[in-house]
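Nothing here was measured: the structure is a model prediction, and the numbers come from that model.
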Amino acid sequence: SFPGGRRDPADGGDAVATALRETREELGVTLGPPSVWGQLRMLPDRQGQLVAPVVANLGPLEELRLKPNPDEASETHNAVEEVFTLPLEHLLKEENQGYTHFRTPAGYSYTLPVFLHGPHRIWGLTAIVTELTLQLLAPGHY
């Protein structure tokens with residue numbers, strides 16, 4: 001999943017400030033507002049909470065030093081066990097894309113995107129945010 005969490009009073013009600021703070025706390029990456037490209041539409045998570053995805057430029061992957069914070073575990077979330085990045089080129093290859101179909105006991109069905117990378121499977125809300133981001137960054141290619 002992406003870095004994220006609840007808004008702190010110090011964030012001033014600003015989703016971008018929350019995203020930048022959570023990225024610093026969870027991954028040790030300090031970004032300023034100039035790195036932010038924008039905010040995607042709000043999306044509900046499984047608990048019905050609205051999530052405000054923020055898209056930012058982290059710079060070249062080769063220069064990125066991610067340092068997961070083991071103290072970021074909570075009662076509802078485990079500590080970050082592993083961090084990996086994927087280049088845009090990888091995400092745009094059809095062999096790395098898929099969909100999972102779900103059917104509820106009530107007969108309602110839906111389809112969600114899935115992205116593959118070796119032993120990793122990007123799914124759920126993370127895959128939805130990834131798909132929305134690819135639609136913006138690579139129109140006509142995704």
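The heavy-atom pair separating R6 from Q49 by the smallest distance is NH1-OE1, 3.6 Å. Taking every heavy atom of both residues into account, H90 and L116 meet most closely at NE2-O, 2.9 Å. The two residues P113 and A127 have their closest heavy-atom pair at O-CB, 3.2 Å. Across all non-hydrogen atoms, the minimal contact from L27 to P3 is CD1-CG, 3.5 Å. Closest heavy-atom contact between V114 and R121: CG1-CG, 3.5 Å. Taking each heavy atom of P44 and L125 in turn, the nearest pair found is O-CD1, 4.1 Å.
A distance of 11.0 Å separates CG of L92 from CG of L86, quoted to the nearest 0.5 Å. One distance of note links CG of L137 with CH2 of W37; it measures 5.5 Å at 0.5 Å rounding. Expressed to the nearest 0.5 Å, how far CZ of F115 lies from CD of E131 amounts to 5.5 Å. Annotation: the span from Y142 atom OH to L88 atom CG amounts to 11.5 Å, rounded to 0.5 Å. Atoms NZ and NE2, from K93 and H141 in turn, are 14.5 Å apart once rounded to the nearest 0.5 Å. Summarising the geometry, atom CD1 belonging to I122 is positioned 9.5 Å from atom CG belonging to N96; distances are rounded to the nearest 0.5 Å.
Linking Ile, Leu, Val, Met, Phe, Trp and Tyr whenever their side-chain heavy atoms come within less than 4.5 Å puts L64 and V54 in one cluster. Hydrophobic cluster membership is shared by V83 and V29, with clusters built from Ile, Leu, Val, Met, Phe, Trp and Tyr side chains linked at under 4.5 angstrom. In this structure, L58 is not a member of the same hydrophobic cluster as V55, with clusters built from ILVMFWY side-chain heavy atoms closer than 4.5 Å. Residues V51 and V16 do not share a hydrophobic cluster, clusters being chains of Ile/Leu/Val/Met/Phe/Trp/Tyr side chains in contact below 4.5 Å. Follow the hydrophobic side-chain contacts under 4.5 Å out from Y110 and you reach L43 in the same cluster.
Judged by distance alone, the side chain of E26 and the main-chain N or O of N69 form no donor-acceptor pair under 3.5 Å. At least one donor-acceptor pair under 3.5 Å links the side chain of N57 to the backbone N or O of G59. Side-chain N or O atoms of D14 include none that pairs as donor or acceptor with a backbone N or O of D11 at under 3.5 Å. Without hydrogens or angle criteria, R103 side chain to G107 main chain gives a donor-acceptor distance under 3.5 Å.
Taking S35 as the reference, L31 meet the side chain to side chain contact (heavy atoms under 4.5 Å, CB included) condition, with sequence neighbours excluded.
Put simply, the side chain of T85 reaches to within 4.5 Å of the side chain of L66, judged on heavy atoms. Looking only at side-chain heavy atoms (C-beta outward), L136 and L40 come within less than 4.5 Å of each other.
Sparse packing is recorded around CD of E89, with 12 or fewer heavy atoms of other residues, nucleotides or ligands lying under 6.0 Å away.
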Determine, stepwise, if the pair W123 / L112 fulfils side-chain contact (heavy atoms from CB on, under 4.5 Å).
CA-CA 8 Å; W123 59 282; L112 293 177; over 6 Å; no
Start with the C-alpha distance between V129 and F2, add both sets of side-chain angles, then the distance that settles side-chain contact (heavy atoms from CB on, under 4.5 Å), and finish with yes or no.
CA-CA 9 Å; V129 171; F2 294 113; 3.7 Å; yes
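Ring pair F84/H117 is parallel by interplanar angle, where below 30° counts as parallel and above 60° as perpendicular.
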